[in-house]
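Here's the structure we're looking at; comments come further down.
Computed from heavy atoms alone, side chains included, the values below leave out hydrogens, waters and symmetry copies. Each chain gets a letter, A, B and so on, in the order the sequences are listed, and its residues count up from 1.
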Amino acid sequence: MKFRCERDVLAEALGAAGRAATGRTGSLPVLQGIRLELKGDRLTVTGSDLELTVQYELTVDGQQDGGMVVPKLTSDIVKSLGDPKVELLAEGEEVTVAAGRSRFTIRPWAYDDYPRVGSTTASSVTLPAADFIDALRQVVRAASTDEQKPQLTGVLLAAEAGGLRLVATDSYRLAVRDLAGTTVLGTDQQVLVPARALQEVIRLASGSGELTLRLGERDATFEVASARVTTRLIDQPFPNYRQLMPQPAPNVLTIDKDAFTDALRRVRLLARDTIPVRLHLGGPTLRLEAISNDRGTVSEEVDAQFDGTELTIAFNAEYLASGIDACAGEQVTLSTQRESNRPAVLRGLGTDDYFYLLMPQKV
Amino acid sequence: MRLVIARCTVSYVGRLEARLPEAVRLIMVKADGCVAIHSDGGAYKPLNWMNAPNTLRELETTWEVENPKGEKLIIELHEVFTDSAHEFGVDPGLQKDGVEAHLQELLAIAPDMIEEGLTLIRREYPTDIGPVDLMCKDPSGVTVAIEVKRRGDIDGVEQLARYIERLGMDSSLGTIRGIFVAQTIKPQARVLAESRGFRWVEVDYDVLRGRKSEELTLF
């Protein structure tokens with residue numbers, strides 16, 4: 001196997017595939033490597049841990065068909081090269097990476113040991129990438145990273161009347177986005193896609209025009225430009241989020257998103273770990289406050305419009321900042337009940353296709 | 001840190017001669033120059049090693065590691081399976097007792113778990129002989145120095161006594177009393193604490209941690 005190609009293009013493909021390659025030495029150590037397969041001028045770069053597979057298709061100057069499995073280190077090697085043209089040659093038990101006056105000889109993994117990975121046979125749906133990626137960005141942040149609760153580590157894609165609904169929760173917050181007019185699932189069908197895979201889709205699809213989805217019963221594939229992400233679906237029941245859908249709220253704060261974000265950024269310097277940010281709602285200003293017995297206190301006021309009865313409510317500052325960031329528009333609303341222990345709802349002012357429900361903290 | 005997994009033979013030439021026959025091993029070359037050779041077993045001790053400072057010469061299939069005393073480690077590489085390098089940055093050092101640090105952190109959030117009405121002045125209150133774990137005030141305004149240990153023995157009580165002696169030199173703190181806190185306190189330590197006029201309190205780490213379970217959740 002032998003080919004020449006652009007350093008940056010190959011480095012990007014190796015980097016993306018390398019993120020999916022396993023870091024663990026299990027029964028298939030070859031999965032720690034990245035598979036390269038050359039047919040003519042088409043190079044397929046694959047990384048997988050059997051749960052998540054990332055494949056990249058590149059056009060290269062192919063000189064000799066074949067395949068090899070290179071260590072993840074190859075990504076760093078290619079990235080580090082000074083010359084923008086790279087040549088890879090697999091010969092015998094060695095792979096040579098050469099560019100300009102640099103030449104690396106590395107040990108490959110056994111090509112034949114690499115398993116067949118990353119194929120979904122479900123029918124495909126193609127949709128504009130921008131809207132779907134924006135929606136993913138808004139919800140994937142609420143997914144849990146706690147592997148002890150696998151059902152919370154995914155994003156639910158559910159067919160809803162009139163479109164597609166994306167839902168994620170880590171039990172402290174719930175993000176729901178409706179994409180009207182987007183039909184990618186059958187009636188009442190829903191799938192739970194690992195957030196890790198969707199974060200990779202977001203990364204690869206940024207700036208792309210179209211995205212093709214194949215949502216099967218066990219796997220899902222997302223194709224964008226020259227990249228393909230295939231993931232196993234999470235086979236666990238998703239929590240009944242419908243019981244948490246926002247109810248009319250007696251208190252509504254309307255505030256400039258940037259001003260709220262800036263104030264919160266400063267307050268977060270003290271509101272860390274177990275220290276929540278307290279919001280004092282009432283009157284024409286919102287007062288943010290954090291009290292740390294260890295470090296000190298901070299308070300800041302921001303102009304706002306408030307309808308309702310006075311209330312002090314505390315939140316995990318990071319979760320609150322993430323929710324504000326996810327809301328579209330220049331202004332956001334924070335709706336609360338009269339009690340400080342019931343969830344609050346963040347929305348972009350005038351938008352009803354997204355909300356971020358956030359549980360308060362006790363103070 | 002450079003990590004090489006290779007089938008290799010290792011010879012040590014110095015005060016004595018030792019040889020590791022051909023086998024697959026992990027060779028670690030640390031940023032400070034230390035070289036250690038590990039087998040796939042045993043928790044901590046390398047099969048062979050050479051402390052820094054030393055010189056590593058990489059020949060085609062052989063590495064020679066030599067220290068200023070002329071001792072040599074000769075590693076013959078028969079087959080290299082992986083060779084990678086990683087930038088670790090500055091190491092924060094060993095945190096000897098994570099539970100103790102966490103215990104202190106949890107009690108700083110909830111000093112009332114030690115004694116009702118206590119409010120925290122500062123964690124790690126500095127003195128010229130070391131920091132006091134927790135400095136608090138009781139409802140009557142008396143300063144309370146608290147030493148937190150995972151296991152309470154007489155050394156901890158002595159430590160608290162030394163802190164209180166030093167703090168006593170600062171008249172601005174007024175009256176100071178001490179509380180010795182641990183998950184379990186040995187009988188001798190209890191006697192000593194009482195003889196020094198300190199209270200001792202045993203706290204339940206799990207209960208303290210359980211306070212987190214009071215977090216409000218959506219479901």
Can you tell me if [X] has over 12 outside heavy atoms packed within less than 6.0 Å of its [atom1]?
| X | atom1 | result |
| --- | --- | --- |
| Asn240(A) | CG | yes |
| Glu318(A) | CD | no |
| Glu91(A) | CD | no |
| Glu339(A) | CD | yes |

Heavy-atom distances under 4.5 Å only: say whether [X] touches chain B with side chain, backbone, both or neither.
| X | result |
| --- | --- |
| Ser292(A) | neither |
| Ile77(A) | neither |
| Pro71(A) | neither |

| Winner by heavy-atom pair count (cut-off under 4.5 Å) against chain B, out of Leu244(A), Leu73(A), Ile106(A) |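 The answer is Leu244(A).
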
| Given Arg199(B) and Glu115(B), is the salt bridge (Lys or Arg N to Asp or Glu O under 4.0 Å) satisfied, shown in steps? | CA-CA 10 Å; Arg199(B) 274 194 68 210; Glu115(B) 184 178 289; 2.5 Å; yes

| task | Sort by residue number and list every member of residues 169-184 of chain B having a non-hydrogen atom under 4.5 Å from chain A. | result |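 Residues of residues 169-184 of chain B touching chain A at under 4.5 Å: none.
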
| task | Return the set of residues passing side-chain contact (heavy atoms from CB on, under 4.5 Å) with Ala16(A) (not counting sequence neighbours), or none when no residue passes. | result |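 In terms of side-chain contact (heavy atoms from CB on, under 4.5 Å), with neighbours along the sequence ignored, Ala16(A) is linked to Arg19(A), Val54(A), Tyr56(A), Glu200(A), Leu204(A).
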
| message | Quick check with a 6.0 Å cut-off and a 45 degree axis cone: is Arg173(A) positioned over the face of Tyr319(A)'s six-membered ring? | response |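 That pair qualifies as a cation-pi contact.
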
| In Å and rounded to the nearest 0.5 Å, what is the CG to CG distance from Leu218(B) to Asp170(A)? |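 Result: 8.0 Å between the selected atoms.
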
